[in-house]
Amino acid sequence: MHALRHAHELLVSGGILVDLHPVTEERVEANRQAIGVIEEPDWVAVVLPNAEARLREAINDGYYTLEAEIDFDLFQHFDSIDELIDAKSDRLDVQPDLVQRIRQASPPLITSEHYIGRRLRTR
């Protein structure tokens, strides 16, 4: 069973579901200069479009009503290079060129992603 329909079964009638997720890959910068993007090609090409399509289906099928939507940039600040590399190691392991550029940068480092948040009410 699709996760949004399962969540619908768990919520009381008129209950609220909050959907919050990034809609861009994470950008890295230091001293207001772009260093690069932490790439996630499968997430961009498959996971995100699939999640958005399933949400539209759940709304169109009458499971939820979209009550509100916001978008914003989420910034994370890192005081050291190692702190950033450790925090993002699962995605940086396959991007040695970006890791090298990060290691050459001067802290602090900032990552940013654009997010969307939605408040959905069950029907």
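Predicted, not measured: the structure shown is a model, and the values here were computed from it.
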>> Evaluate Glu69 against Leu120 for side-chain contact (heavy atoms from CB on, under 4.5 Å), listing each step before the verdict.
In response: CA-CA 9 Å; Glu69 183 173 287; Leu120 306 156; over 6 Å; no
>> If you apply the rule side-chain contact (heavy atoms from CB on, under 4.5 Å), what do you find for Ile102 with Leu92, and how did you get there?
In response: CA-CA 10 Å; Ile102 291 169; Leu92 288 174; 4.2 Å; yes
> Run the side-chain contact (heavy atoms from CB on, under 4.5 Å) check on Leu4 and Leu17 step by step: do they pass?
Replying inline: CA-CA 9 Å; Leu4 289 167; Leu17 174 72; 3.7 Å; yes
> Given the rule in the side chain to side chain donor-acceptor pair (under 3.5 Å) test, do Thr111 and Glu26 qualify, once you have shown the distances and angles that lead to the verdict?
Replying inline: CA-CA 6 Å; Thr111 65; Glu26 207 164 1; 2.9 Å; yes
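Partners of Phe75 according to the ring pair (Phe, Tyr, Trp, His ring centres under 6.0 Å) rule, which considers only residues two or more places apart in sequence or in another chain, do not exist here. When the salt bridge (charged side-chain N to carboxylate O under 4.0 Å, His left out) test is applied to Glu57, the partners found at least two apart in sequence or on another chain are Arg54.
Residue Thr65 is tested with Arg121, Arg119, Arg123 for a side chain to side chain donor-acceptor pair (under 3.5 Å); the sole match is Arg123.
Side-chain atoms of Gln95 come within 3.5 Å of backbone atoms of Glu39 as a donor-acceptor pair (strictly under, hydrogens ignored). The backbone N or O of Pro96 sits nowhere less than 3.5 Å from a side-chain atom of Gln100 that would complete a donor-acceptor pair. Between the side chain of Glu25 and the main chain of Val37, no donor-acceptor pair closer than 3.5 Å is present.
The cluster map of Ile, Leu, Val, Met, Phe, Trp and Tyr, joined by side-chain heavy atoms under 4.5 Å apart, puts Val44 and Val47 in the same cluster. Taken together through direct or relayed side-chain contacts under 4.5 Å among Ile, Leu, Val, Met, Phe, Trp and Tyr, Val99 and Val28 form part of one hydrophobic cluster.
Taking the six-membered ring for Trp, His8 and Tyr64 have ring centres closer than 6.0 Å.
Between Arg118 and Glu52 there is a salt bridge, since a side-chain N of the basic residue sits under 4.0 Å from a carboxylate O of the acidic one.
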